[in-house]
Structure formats: C-alpha cells, structure tokens
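Just so it is clear, the model here is predicted, and its values are computed rather than measured. These numbers come from the heavy atoms of this one structure, side chains and all, not from hydrogens, waters or symmetry mates. Throughout, protein chains are lettered first and strands after them, A, B, ... in sequence-line order, and every chain is numbered starting at 1.
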Amino acid sequence: MNAQARHAANLNGDDPKVPLSVHDLTVAYHRKPVIWDVGFDAAPGQLIGVVGPNGAGKSTLLRAILGLTPKASGRVRVFGKPYRENRGRVGYVPQRESVDWDFPIDALDVVTMGLYRQIGWLRRVRAEHRERAMAALERVGMADLAKRQISQLSGGQQQRTFLARALVQDADLYFMDEPFAAVDAATEAAIVELLRDMRAQGKTALVVHHDLQTVPDYFDSVLLLNMRVVAHGPVEEVFTPENLQKTYGGRLTLLDEATEAMRRRERAL
Amino acid sequence: MNAAVAIAVGSLFGWADVLLLRDYNTRVVVLGATLLGMGAGVVGSFTLLRKRALIGDALSHATLPGIATAFLVGSALWGDGKSLPLLLAGGAVSGVMGVGAILLIRRYTRLSEDAALGIVLSVFFGAGVALLGIVQQMPTGHAAGLESFIYGKTAAMLSRDAWLIAGVAAVCVAASLALFKELSLLCFDPGFAASRGYSVGWLDTVLMAMVVITTIVGLQAVGLILMIALLVIPPAAARFWTEDLRTMTRIAAILGGASAFVGATLSATYPKLPSGATIVLTAATAFLLSALFGSKRGVVLRWFRRQAFLRGVAMDHLLRSVYETLEQQRAEQADADGASIARLMALRSWTPAELRRVVHRAERRELVRRDSQGAIRLTARGAVEAERLTRQHRLWEMYLITHAEVAPARVDRGADAIEHVLDPETIRHLESLLDEAAILVPPASPHVIEPGALGEASS
C-alpha cells in the first residue's frame, strides 16, 4: 500500500497505531496562508524528514500540529487522539534560536524542564528527576557539561541539551525543528546515532531538515513541503529529482500572487 | 551655633529612633517597605527575564487617573475621598486598563510595543495630572496627600497601610516560590511550555497580576514614577553575581529589601526626602557596585579575564614566531639557535614594548631564555609548547584553505583569530578531517612566512 492509499484508509485518523495523522491542515498568518491543505500519515518506527525551501512552512507545520500556532482549518491526531489528550507521548525540540541562551540556568536545569509536567504543580524537583535528566544528558554525550551555564555551551552542545530535554520525557513521537542546523560534526553524528536508537525502540520522529545530501542516509521517509505537500513517502520512491524540482523550483505563483494581493488590500484598508 | 548643635543632636536622636525602630509606626512602615522591596525583587526577576520589564512602568504611571477618579468619586459619595482601599482599587483599575490598552494597540495597529508603551504611559499619566488639578481646586482641600502616590512618602504611611504591603509582598513571594518551576519555564522557553500543555497566557496573567498588586501596594511607599526601579534594578544587579535563577531571585530579594529598608528609613527620618527617590538611589548604588564588581559578570572581572586572555594570545604568538623563525633559519642552513628581536619584530605587528613585555613573561615562566647575543631561545618546555601551538595553528590554516576556500595569503589572520579558542575536541576533529593524525610534528606552513607581510595584512 503506498502512502496515499494508506492515508485514505485512515481518513478520520482514529487508528491508535498511527503515531501522527494530519488532514487538510491550513495555517494562515494575517490571512496569508503559510501551509495549505497539508495531509499525511506518519508510519510507526520511522524517521521522517521534512524537507522544503525557506518559507515553505516546515516549522509552522510542526507548531500547528503541537497547537502552538492556531490552525485555520484541519485535523490532527496523535496515536488516534487529539494532541491535547496524548501530550505525554510527544516530545518537541524547538529551533535553537527560539530562546535566549543568556538565561541564568545550567544544562541540567534545561533538561529537567522536560519533566516539569510529570513532576506537577507545586512540587519540587527531586533527586530522582535530576538523575533522569542526567541520564538523558549522558545519552547525548553531555554529562560532563551538566553544570555549565547554557551560554557557555557551543551551538552543538546547546542543540544536544534541547534534545536531552525531549529525551527525558521518554515519548513515542518526536518533533524536531532543524536539530542539524549549524552544529559541529560531532553533534551531527551524535544526533544521527540517537535517532537510530529511537527508531530501534519503535519510536517515530518528524525532523525538519535542510541538507538534501544526507536525506537518503538519515531518513526512512520524506515529506516534501512547499506550502502544500509536494510528495510524501519512502525516500527511495519520493526523493526524486522531479519531486525536488517541484518542491524547490517554481514557486506557487498563482497562490502567491493572490495572497500578496490580499495583503496589499488589507494594508490599504 | 547652639541652634545648629540642637538640630544636629535632634536629628541624631531622630536617627537613633528610626534605626532602633523605637517608634511602632516607623517600625511597621520600614518593615512593610523592606518586604515590598523583597517581593518586587523576586517578581521583577521573572518580568526582567520575560523581557516585559517596561510594562510595569506603564502600569504604575497608568494608576494615577484611577487614584484621582477614586478620590473624586469618594468625595462625591461620602464627602471624604481619602480611603486607601478605594484609592488603590481605583489605581488598580486604571493600571490594568493601561496594560490592556498596550495590548490592544499592539494587536490592532502596526505600532511596535515601545510606541504603545510610550503612548499609554504618557497619556494616562497626563490624564492623572489633569484630574489631580481638578481635585486640588475642590473646596474640601484634603487632596494634598494624593501627591505622596506620585513620589512616595513612607512618613505619611500608617501602620495598617504597612501591614497591607507586608501581607501582599509575602503572598507574591510565596506564589513565586510555589510556581517557580512553571515561571522559569515560561520565561526561558514559552513555546516548549505551551507544547507541554501549560497555558502560557494564564502563566503570563499570573505574573502580570503579581506585578500589578506589587505595584499598587507599593505606590504609597515608592511612588508611581519610581516603582519600576524596584522591579528592575535589584534583579538586573543580581544578574552580575550569578548564573543561576534561584540564586538570582534570592539576591534580587536581598538587594531590593535592603534598598527599600535604607530608603524608607532615610525618608522616615527626614520627611521632606521622598522615599521613592531615596530607595531608588540606594538600589542604584547597589546596581553600580554589582555591575563593577559582580562575581560572575562584573565589568572589572571581565576586564581582568580579557587581559589574561590577551596575554595568553600574545604568549602563543611569541612562541610560534620563535618556532617559525628557527624553522626557517634551519632551512636556510644558518646555524643560529636563537631568534633575534629584530626578526620577531618584523614578523608581527607588535610594538617594541608589547614584545618586550611578552618576552619577559615567557622568561619568567621559563619558556624562553635570552642568549649572550640577546636572541631568544626556546627552553625544553618552551619548545614542546611552541611545537604544539604551531601544529594547531597550521592544522587550522589547512582546514581553512581546503574546506573554507580561503586564499592562502589571507589565511594567517583568520587562523590567528580562532586558534586560541580551539578546544581539544575540535583539534581531534581537524586531525581526522585533514587525515593528519599521524603527524606529530607540525606540518609545513601552507603559506610563505614573510617578515612584514603579516603586518601589512592586518592594516
């Protein structure tokens, strides 16, 4: 069964075995659509690369799935339920640039934040939580930097800290926003190894990725995105020059023009 | 003469009274102000890190029209407007309206937040001043006291006002501690907080509510113009002493409490001194000292660190220059074992004094010694160190040439800037990348080492 057919079979997305099911998702900023009618199912135990040019809406797709950006329309199911009800099974690694790394905390504190929800309101962080955070830091090779203030970490180390914060939750579905952006080779290797570990444990990861050359090496399937889904499926089937041309080549001129015209009119009002 | 002495002695007694907190009213007022300073320090730490510090300023200025209106309403209804709960309630209402106006402007116009802040702050404050003018025209003439809300006047406070302040401050501190995890997550990474199911809007509202009530109860003691200082200065000062949020809030509480204590005491002794001003000046002194001498980010400390770093860099340069000079002399079959000062001078753009200083330091550390001709020779330890540095430098140069497409003649400068901060992990990575792991001696320099060329390149 190909990806499209599988998607059609799981139309309402209620299959609890499907880690992520997205239907007709549209997101608009100031009425300018950023992603348009996006729909796909993620297969369990897969590493899925989300690939597309700048401004294609890759981060927006992740943020909309996680409810951080309001949807104009569409439906998202995580293991057959709305995200709200299955939050505990989802881990999120935001873009590294999304926070101020001058914040007065150390790497261990950042990782512990991944456990706050489990620890609960009005309860203190206890030694067992710190041990779990420490174990997550160890998995990303950062154990000896646990007590370092986060602005003293290199970009790759900061990225690994963010990964550890998601790992500590022990989720089943991970969303990672450009974890490979501007990291050193050691970090890239560590992240790849980690992703393969996770896949071996049957976990699924949706990873926004920029480097086309490494896509076939790192990912099982790929979601080619440029405002809408250009193609989705196993890398060997979908990651073709024609599809890449469709993704990165010609912009959606008509759609672009229409939204631009709408924006101009709004500004004139 | 006698009169002057009498005044001096009198004020001395006044001082003693205040410092020993003999007077019950003063004691409670100073206690209230101190707790207010502590609460503002804790709450302010979060707003500072949330980058919302200035909203507190707009908020406090926006309380004035509410206070004046509450006085007018109170006078009209009961003939006396000077009921503190009524005035504070009025201030809270217009303060929150001010914050609401900022949010509305930001949302529905294309103005940026700083423009919205400026507009709301000045317009609300202007309306408040105008209303105060009306109040002062009123025949009852009891309005003079309202000015203490603008500048702060601990001397005018009653003990029951102070108990209110103390209670509210304690509640804010307790709430901040209870929500410490959630508030720190909110300030560090609101996106992640939302993805975990926290309502960022709700947490922001809780934080803003604490700012509102701290500001409102603090108006009498500090005054609305300067209330922002208690929310910003102690946390900002605390940041110079620590890299840890818990410690930062603790230090901010101590600095805020101490500033408020000193300021309130001064103002209680000299009723003409507005407490807001004395509190702010005390806090500013603490800030200045922290900025200069803070143990983590203080300017003085950073200056010393930078000097140490620059000295280390100069030492690296000296050792490598000597090494490369010797290397070249050997290649030219010259049998000199030392590098002459003249030659070293030509190799880099250092002044004679700089070179002299770094040579002295290297001699003290027994990395080099001067021979009978005054030329510089490497000691055994110096030779090992120089070889390591040269190797590191050239690895990096080769990386830049092969992987970053930098023209060889330009490489030396680029390598210079970065090589001093390469950590061992990066060096190992460079080695594997360049397949030079087997080379224990430095590889040959990838460019011609020309005396003078480097000086030109830098100009």
Criterion side-chain contact (heavy atoms from CB on, under 4.5 Å) on B:Lys51 and A:Asp100, from CA distance to verdict:
CA-CA 10 Å; B:Lys51 307 199 192 308; A:Asp100 176 6; 2.8 Å; yes

Evaluate the side-chain contact (heavy atoms from CB on, under 4.5 Å) criterion for residues B:Arg297 and A:Asp102: first the C-alpha distance (whole Å), next the side-chain angles of each, then the deciding distance (0.1 Å), finally the verdict.
CA-CA 12 Å; B:Arg297 307 191 146 203; A:Asp102 210 26; 2.8 Å; yes

Does the pair A:Phe162 and B:Asp189 meet the rule for a side-chain contact (heavy atoms from CB on, under 4.5 Å), with working shown?
CA-CA 11 Å; A:Phe162 259 17; B:Asp189 194 348; 3.6 Å; yes

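Chosen from A:Arg165, A:Gln169, A:Met113, A:Gln152, the residue pairing most often with chain B at heavy-atom distances under 4.5 Å is A:Arg165.
Within a 6.0 Å radius of CD in A:Gln213, other residues, nucleotides and ligands contribute 12 heavy atoms or fewer.
Between the side chain of B:Lys181 and the main chain of A:Arg123, a donor-acceptor pair closer than 3.5 Å is present.
Interface remark: B:Lys296 contributes no atoms to any contact with chain A (heavy atom separation under 4.5 Å). Using a 4.5 Å cut-off between heavy atoms, B:Phe180 makes no contact with chain A at all. Contact annotation for B:Thr247: neither backbone nor side-chain heavy atoms come within less than 4.5 Å of a heavy atom of chain A. Proximity to chain B is limited to the side chain of A:Ser151, based on heavy atoms less than 4.5 angstrom apart. In this structure, the portions of B:Leu185 lying under 4.5 Å from any heavy atom of chain A include both its backbone and its side chain.
When all heavy atoms of A:Val99 and B:Phe188 are compared, the pair lying nearest together is CG1-O, 3.4 Å.
Side chains of B:Asp244 and A:Pro104 form no contact here, defined as non-hydrogen atoms less than 4.5 Å apart. For the pair B:Glu182 and A:Leu122, the minimum side-chain heavy-atom distance is 4.5 Å or more. Using a 4.5 Å cut-off on side-chain heavy atoms (C-beta onward), A:Val93 and B:Phe192 make no contact.
Atom CZ of A:Phe103 sits about 8.0 Å away from atom CE of B:Met248, to the nearest 0.5 Å. Atoms SG and CD1, on B:Cys187 and A:Ile105 in that order, are 10.5 Å from each other to the nearest 0.5 Å. Expressed to the nearest 0.5 Å, how far OG of B:Ser195 lies from CG of A:Leu62 amounts to 10.5 Å.
Using a 4.0 Å cut-off between charged nitrogen and carboxylate oxygen, B:Arg246 and A:Asp109 count as a salt-bridge pair.
A cation-pi contact, defined as under 6.0 Å to the ring centre and within 45° of the axis, is absent between B:Arg196 and A:Tyr92.
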